[in-house]
A.B. asks: 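This structure is in structure tokens; I'll ask about it shortly.
Because the structure is a prediction, the values reported are computed rather than measured. Here is how names work: the chains are called A, B, and so on, in the same order as the sequence lines, proteins then strands, and each is numbered from 1.
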Amino acid sequence: MSHSSSLHHFLRHVSIPPDPHFLPTAFKSCPTLPLARALHAAAEVTGLVRDPFVASSLLHAYLRLGTTVDARAVFDGMPRPQRTVVGWSALVAAHAARGDAGGAWRLLEEMRRDGGVEPNVITWNGLVSGLNRSGRARDAVVALARMHGEGLLRPDATSVSCALSAVGDVGLVSVGEQLHGYAVKAGCRVDACVVTALIGMYGKCGRAAEIVQVFDESSHVDVASCNALIAGLSRNTQVSEALRLFREFVGRGLELNVVSWTSIVACCVQNGKDLEAVELFREMQAQGIEPNSVTIPCVLPAFANVSALTHGRSAHSFALRKGFLHDVYVSSALVDMYAKCGRVKDARTIFDAMPSRNVVSWNAMIGGYAMHGEAVNAVRLFHSMLVCKQKPDMVTFTCVLAACTQAGLTEEGHHYFKEMHNEYGVSPRMEHYACMVTLLGRAGKLDEAYDLISDMPFEPDGCIWGSLLGSCRVYGNVDLAEVAAEKLFRLEPENAGNYVLLSNIYASKKMWDGVNRVREMMKDVGLKKEKGCSWIDIKNKVHMLLAGDDSHPMMTAIIEKLKQLNIQMRKLGFVPSTDFVLHDVEEQEKDDILAVHSEKLAVALGLISTSPGTTLRVIKNLRICGDCHEAMKFISSFEGREISVRDTNRFHHFRDGKCSCGDYW
DNA sequence: AGTAATTTAC
């Protein structure tokens, strides 16, 4: 017999204390549904349920515990005069909050028709707010329109702010503007919540100018509106403006709270300023503001991006201490952080311990395996996901296909590509096609890859053609390479890599006129090349190294170490690959030590700053080149070090002169 | 009567 029914049994036969306040107090604080039902049974047996206070507190307890059915039964059991607008409003709000728009509307009709009770502002606001909170944004807007349209009640500041929030979520900026106008006319434009909601709405609708305008026109500055301003600017890529204003708020001595700090950290992370985010997170704590369960998933991607495993670990132990690991956001972000910091096993430990998982959690773990080339584990976990009745989404398939691509599982990849649409109704998007093109290209099936591109239901982007061009380089297919390159030169004329690739293909076939033609084209267009940049976490500090930049304080020692490494590598038979020198248009002077790629600088720094045998973890903003890849294999062997390099594509674990990618990436 | 605005992971 279960605990709850024995409790039920117990309470049926035990007298309730004679104190008339006992039951209402008990219902108010009642933590579980079984207990509420047991107390309810006792109230029925004793007849106390006829007391209006008892019935009403029971009604609210049931609604708070999420059962509208039990609540409705209690309400229907109440004598008609007791079924007031308060009870009706609570029922309407509860249905709305559960996303049951139809049920909420029916109740509204019923209270008028059968109950003879007219809804008031609170009833309507409960309806609008509940629909908004349950994600029924359009229904919330409809509710507000009906409230206004009936002409019996005027929407107040609460109605307007709820509706604005809903409008922002669905991007109905014209409705938002109408609400803005109404707020001015109705005199609630100055209400603090309305100000914040207006800023939020304009922020979500991409109206950066209006955000600032609403803020500037508001005479009263409170923390919530400042936070909304920061978040709005961040959403609209105005990072530096957000940072400037944040500093100004700090300077003005405004009482910024955890939400303010979380917002600015999130702003930096979402706009690629990871090191700034890490610094602000530190500063926040120095100011005595303790991170909450939202701050942690906001800052973790920054740690993951710069491979700050030490910071990630302390965030983990903090989350553990605070009991945040039950939060699916926190744990999913930890899974991702550990995977990106090279610790798939730790990621899996977190994943396995999660009390509940959603599609994002599964994707993070599957993606983690994919990143590490562990295709078998990725596919296995995908099947567990299906067994657990978790519906896969488009990200899931991106991860599964990427895993197949990394490991060269051509058949399996094909299978999942077909299955995603046929079995799971997920239409393939650009990234899925990109995986398939890479998968086919890697297997040498260049014509099949080209046919797939030709059959795509939308215009292929640069990644698709770039992938095909890369495979053409590997298999020496000049004809297809020319087709791909032509598309690429139109799609991304400033991308130097494409010219270099095509030129290399010509060179490998000794087609010198082709080489010259490409070289002429490169002169004509202004080329852009993303600066190579690597990060390495040494003794709890993240170091950033840029190719061709000697500003690191240890640069002299780094260069010395690199020279040493070069001598040793050549002794062991390492030949610098001229192929990959051509990859790099900036690298004109081969002997210039500063032209070394950033990952080599990072590894050299790691070697001289850590004790022998320590694993080095480097991450890089571009894909690792073949020359560096070869060099890493040599270094791992004669330095006796494990080196892991995470590039934009995947992890490379170098150990004993071998790489986990099996030299295909 | 007790309804409202700001921050979150793949």
Side-chain angles (χ1 to χ4, degrees), chain A residues 56 60 84-90 92-94 96-97 119-133 140 155-166 168 188 191-201 203-204 222-232 234-235 256-267 269-270 284 291-301 304 319 324 327-337 339-340 347 350-351 354 357-368 370-371 392-399 402 431:
Chain A
S56 139
H60 286 96
T84 60
V85 66
V86 180
W88 283 108
S89 301
V92 168
N120 64 16
V121 177
I122 295 196
T123 320
W124 282 100
N125 287 355
L127 178 63
V128 179
S129 130
L131 291 171
N132 173 43
R133 267 182 301 154
D156 65 1
T158 304
S159 344
V160 172
S161 42
C162 287
L164 279 170
S165 159
C188 60
D191 179 275
C193 287
V194 172
V195 171
T196 306
L198 276 170
I199 295 171
M201 182 274 296
K204 285 175 188 160
D222 79 333
V223 194
S225 58
C226 294
N227 296 347
L229 179 68
I230 301 288
S234 167
R235 258 196 199 97
L256 296 179
N257 58 18
V258 62
V259 178
S260 326
W261 285 92
T262 303
S263 302
I264 197 69
V265 167
C267 170
V269 174
Q270 285 152 6
M284 153 183 192
N292 64 15
S293 62
V294 178
T295 320
I296 300 302
C298 282
V299 74
L300 280 173
F324 292 164
D327 187 318
V328 67
Y329 280 85
V330 173
S331 280
S332 302
L334 279 170
V335 168
D336 181 57
M337 182 279 295
K340 286 199 176 124
I350 300 274
F351 180 80
M354 287 175 75
R357 305 177 188 98
N358 63 15
V359 67
V360 178
S361 334
W362 287 95
N363 292 348
M365 196 60 239
I366 296 173
M371 215 184 286
D393 68 359
M394 55 183 199
V395 180
T396 316
F397 285 103
T398 309
C399 297
E431 55 270 33

A.B. asks: ring-ring contact (aromatic ring centres under 6.0 Å, His included) with A:F397: which residues, sequence neighbours excluded?
C.D. replies: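 By the ring-ring contact (aromatic ring centres under 6.0 Å, His included) rule, A:F397 matches A:F382, A:Y424.
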A.B. asks: So, using side chain to side chain donor-acceptor pair (under 3.5 Å) as the criterion, who are the partners of A:S89 when residues are at least two apart?
C.D. replies: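 Scan of A:S89 (side chain to side chain donor-acceptor pair (under 3.5 Å), adjacent residues dropped) gives A:T123.
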A.B. asks: So, using side chain to side chain donor-acceptor pair (under 3.5 Å) as the criterion, who are the partners of A:S129 when residues are at least two apart?
C.D. replies: A:R133
A.B. asks: Determine the contact category for A:D327: base if any of its heavy atoms lies under 4.0 Å from a base atom, sugar-phosphate if only primed atoms, P, OP1 or OP2 are that close, otherwise nothing.
C.D. replies: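 If one applies the 4.0 Å heavy-atom cut-off, A:D327 turns out to touch nothing in the nucleic acid.
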A.B. asks: Using a 4.0 Å heavy-atom cut-off across all strands, classify A:V360 as base, sugar-phosphate, or nothing.
C.D. replies: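 Answer is base: heavy atoms of A:V360 come under 4.0 Å of a base.
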A.B. asks: Got a sec, which residues hit side chain to side chain contact (heavy atoms under 4.5 Å, CB included) with A:S225, two or more places apart in sequence or on another chain?
C.D. replies: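 Here the qualifying residues are A:V195, A:T196, A:I199, A:F215, A:D222.
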A.B. asks: Contact class for A:R235 vs. all strands (heavy atom < 4.0 Å): base, sugar-phosphate, or nothing?
C.D. replies: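 Sugar-phosphate, no base atom in range.
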A.B. asks: For A:S89, report the nucleic acid contact type (base, sugar-phosphate, nothing); a contact means any heavy atom under 4.0 Å.
C.D. replies: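 Counting heavy atoms under 4.0 Å across all strands, no contact is made by A:S89.
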A.B. asks: With a non-hydrogen cut-off below 4.0 angstrom, is A:A93 in contact with a base, only sugar-phosphate, or nothing?
C.D. replies: nothing
A.B. asks: Provide the start and end nucleotides, 5' to 3', of the part of DNA chain B that has atoms under 4.0 Å from heavy atoms of chain A.
C.D. replies: B:dA1 to B:dC10
A.B. asks: What is the nucleic acid contact for A:N120, judged by heavy atoms within less than 4.0 Å: base, sugar-phosphate only, or nothing?
C.D. replies: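 Base contact.
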A.B. asks: Between A:N227 and A:S263, do the side chains contain a donor N or O and an acceptor N or O under 3.5 Å apart?
C.D. replies: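 Absent: no donor and acceptor within the cut-off.
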A.B. asks: With A:W124, which residues qualify under ring-ring contact (aromatic ring centres under 6.0 Å, His included), at least two apart?
C.D. replies: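 Listed in chain order: nothing, the list is empty.
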A.B. asks: Using the test side chain to side chain contact (heavy atoms under 4.5 Å, CB included), find all partners of A:V328 that sit at least two apart in sequence or belong to another chain.
C.D. replies: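 Scan of A:V328 (side chain to side chain contact (heavy atoms under 4.5 Å, CB included), adjacent residues dropped) gives A:S332, A:M354, A:N358, A:S361.
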A.B. asks: Using a 4.0 Å heavy-atom cut-off across all strands, classify A:S293 as base, sugar-phosphate, or nothing.
C.D. replies: base
A.B. asks: At 4.0 Å (heavy atoms only), tell me whether A:D156 reaches a base, stays on the sugar-phosphate, or touches nothing.
C.D. replies: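 The answer is nothing, as A:D156 stays clear of every strand by at least 4.0 Å.
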A.B. asks: Taking A:S161's backbone N and O only, do any of them form a donor-acceptor pair with A:S165's side chain (distance below 3.5 Å, no angle check)?
C.D. replies: no
A.B. asks: Under 3.5 Å for both distances, Watson-Crick or G-U wobble, that's the pair rule; now give the dot-bracket for DNA chain B, with | marking pairs to another strand and [ ] for crossing ones.
C.D. replies: ..........
A.B. asks: Name all residues meeting the side chain to side chain contact (heavy atoms under 4.5 Å, CB included) criterion together with A:T84; count only those two or more places apart in sequence or in a different chain, and write none if there are none.
C.D. replies: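 Applying side chain to side chain contact (heavy atoms under 4.5 Å, CB included) to A:T84 gives A:V86.
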